[in-house]
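First comes the structure, then the notes that go with it.
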Amino acid sequence: MFDPSLQVRLRPSFFPFTEPSAEVDITCVLCRGNGCGVCSGSGWVEILGAGMVDPRVFRAVGIDATRFTGFAFGLGLDRVAMLKYQIPDLRLLFSGDERMLRQFPGGLGR
Amino acid sequence: MKVLYSWICEHLEGALPAAEMAERLTAAGLNVELRTPQGDDEIWEVDVTTNRPDCLNHRGLAREAAAAGGGRLKPLQVTVSEKGPAVEQLARVTVEDPEGCPRYCARVIRGVKVGPSPQWLAERLAACGIRPINNVVDATNYVLLDLGHPLHAFDLARVEGRHIRVRRARAGEKLVTLDGEERALTLEDLVIADETKAVALAGIMGGANSEITDTTQDVLLESAYFAPTAIRRTRKRLGLDTEASRRFERGADRAMARIAVDAAAQLIVELAGGEVASGVLDSCRELPSPATISFTLEGLSAFAGVTIPEAFVREVLTALEIPFQVQDHSFFCQVPTHRVDLELPEDLYEEILRHWGYDHIPSVLPPLREGPGERRGSFPVTDRARDLAQGLGLAEAITYAFVPEEVELSFQASPLVARGELVRLENPLSARMAVMRRTLWSGLVEAAASNLRRGAERVQLFEVGRVFFAREGKVQEEERLAVVLSGEVGAWDRRRPVDFLDLKGLAEALAEGLGLPPCTFAPLADPFASGCGAVMQRDGEAVGVLGKLSEKAQALYDAPRPLWALELVLDVAAAPAPPKFQELSRFPAVVADLTVRHPLSLPYGTLVSTLWSLAPEILERVEPVVRYRGEQVGPDEVKTTLRLTYRHRERSLTQEEVNAAHFALMEALAAKLSVSFS
């Protein structure tokens, strides 16, 4: 999805439905890790959340947690589009402004 | 949470330098998001996840830093010098609601001199975002930030009967909190009260009627454990989010309540003078027996996908202050009072693995037996719709599915909107996002209009998306394709305004490409301008609508040009049937024009379909040539010229044959439709 020279790191986090939980960061595409407004100076931008499915979730839907483990992850497409194409404002994606839309000849949905 | 690096280091031996410690804490799951230098020190903004209230203080973070290799945690040593009478002679506590308040500890400090705190303390509080008030209150906040336990200081003289009662509020009871607001209490609210009245909102905020002032001499220091649910309901209802409520809601440390009261009492005396009375009032000295979690080394390693050595597990558990016993590679752990998040073996696996380092666990792709997936469900149709629309030169927009109600209702005359009831959100973020769209126009028309308002001279947008209906108590979704055109088409000296034929051409091209069932166009009034709207129908059911929006519908938009809109139902799309080849004839065609004079009310579609129904087999093609309205016909009449192409598959036609067929057709047409020719 991104420039292969960007770093990726996995960081422990918390979601009520995964245990252990993690968040994945990539080097900030804008400042390349030097620190800027987009990454709040940290040099990293969060891109997705993930984790092993919490056994309590399995139990709630009737799956035997002693027999199965699970892995889950999720990312926001809007956010990834913003990072990949360096679009500064999320609202631009939903504004329908042709000056923006026509910069993506293959369509926004690609 | 804002913390000071130097303060964390006070709890550690051999603390690593700031940069390294911050990195290790982040790698262990306590994300140090921002580091701001402050002289020799640093203020850190640490993102403490909601499951770790034990880290909402400097000692907790120090413990984590130590477990992550950032130093060694110093044992906690809290001493307090007592003097004078026993505390039981000076005050008493009755917990009337032990469920809401499982433990209430209190000390009394006599003869304090209330004044401002020393600079070092005020600065530390301010750096961590807490406003210094006076030495007594600041001492409690200092212990809050240091050890994590919320305490409250009362002016003992203002606690009537020197008797603290922990109870639920009475109906109609009121309390003015420290922020000056009067709070109306309910039977659900837990309060700290004296003999006659409430003096504090338990675990959230103290009352103004008992607060520490310049004249306070004797302090009653509260250090309690309140049940999370009791605090949460009240906090939510009153919208009162405080440092104390946050910690009690997520789960405070029952054992720390007893330690913190000593630490705070000692600090008060150091800052404000006075004497700590002997002993502690404690409503419940016994701690409930801790829960046990057991796991095997094998289970842990299987879960991790990596062999974790026993020595490492011991190291981590010890550093996190989780007591354990080992027997035959099985670990038996007792959940300490400061950890509210540990319940299952998986919770402990996370503790061990996050300190092991996620980046030290090798990455392996799981074997995928089935191979790459395919796009199923509605994707093949929506993908094709997008490709077609883009191929036709339209730009794809994506708008919100939540729309303002008045916009939704402005289109309610459309047959595609009337297919079900409006879905209303119970808790909309704003009035502009209050209902769910039943037509893509609810967002797309505004998008088009905003382009026009910005000065665009041509707008050609499409959207593929879902619309929502409330039917039979459920919400049902439908896939749609919508197009909005406005402004001009063409280039150079051949520019002209967009018109109905442009829109209809798109509709037909899209319908064909999408395999929509063949349909007829019939005129449609609302929400379109008169004579400029149509519905596409198949077996009496609407599969599309198109036209120029009426002035009324357009009124919401302040658009400088007319808006032309189309919407198609995608759920009835199908893969177009493979064509069946028709042999090409080797014989020439004969072309004849036919000019039909007819009322305006006869649609072109009907004229042509009737023609076909009456046509001889040799009629191969019918094409429109021109339409005439003007002096030669009446005001409600029109002359439509069609070009008919005749061809026989197997032989050449003679002119006589063609003439005969052509005139026969004209007669039949005139008889059927009451039209004339000229």
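Reminder, nothing fancy here: chain letters follow the sequence lines and each chain counts from 1.
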Quick one, A:R99 with B:R454, criterion side chain to side chain contact (heavy atoms under 4.5 Å, CB included). Give me CA distance, side-chain angles, the key distance, then yes/no.
CA-CA 10 Å; A:R99 297 170 303 179; B:R454 226 177 279 119; 2.9 Å; yes
Neighbour count above 12 (heavy atom, 6.0 Å) for A:F2 CZ:
yes
Could you note down all residue pairs passing salt bridge (Lys or Arg N to Asp or Glu O under 4.0 Å) where residues 29-38 of chain B supplies at least one of them, sequence neighbours left out?
B:R35-B:E42
Approximate separation, where rounding is to 0.5 Å, of B:N51 CG and A:F14 CZ:
4.0 Å
Hey, does A:D97 have a side-chain heavy atom less than 4.5 Å from the side chain of B:S450?
no
Shortest non-hydrogen contact between B:E350 and A:P20, atoms and distance:
OE2-CA, 3.1 Å
Which heavy atom of A:G96 sits nearest to which heavy atom of B:L461, and what is that distance?
O-CD1, 3.8 Å
When rounded to the nearest 0.5 angstrom, what is the spacing between CD in B:Q460 and CG in A:L101?
12.5 Å
Please assess A:R9 against B:T26 for the test side chain to side chain contact (heavy atoms under 4.5 Å, CB included), listing each intermediate value before the final yes or no.
CA-CA 11 Å; A:R9 76 173 180 185; B:T26 300; 4.0 Å; yes
What closest approach, in Å, do B:R354 and A:P12 show between heavy atoms, and which atom pair accounts for it?
CB-CG, 3.5 Å
Straight-line distance of A:R11 CZ to B:D47 CG, nearest 0.5 Å
7.5 Å
With a 6.0 Å cut-off (strictly less than), is the heavy-atom count around CD of B:E23, excluding the residue itself, greater than 12?
no
Rounded to the nearest 0.5 angstrom, the CG-CZ distance for B:L394 and A:R102 is 7.0 Å
At a heavy-atom separation under 4.5 Å, does B:A395 approach chain A through its side chain, its backbone, both, or neither?
both
When rounded to the nearest 0.5 angstrom, what is the spacing between CG in B:L344 and CG in A:D54?
6.5 Å
At a 4.5 Å cut-off on heavy atoms, which part of B:T399 comes close to chain A: side chain, backbone, both, or neither?
both
Heavy-atom closest pair (A:R56 atom, B:D347 atom, distance to 0.1 Å) is NH2-OD2, 3.1 Å
Contacting moiety of A:S95, where chain B heavy atoms sit under 4.5 Å:
backbone
Does any heavy atom of chain A fall under 4.5 Å from the side chain of B:V464, the backbone, both, or neither of them?
neither
Taking CZ in B:F379 as the centre, count heavy atoms belonging to other residues, nucleotides or ligands within less than 6.0 Å. Is the count above 12?
no
Quick check for you: to the nearest 0.5 Å, what is the distance between A:E19 atom CD and B:Y349 atom OH?
12.0 Å
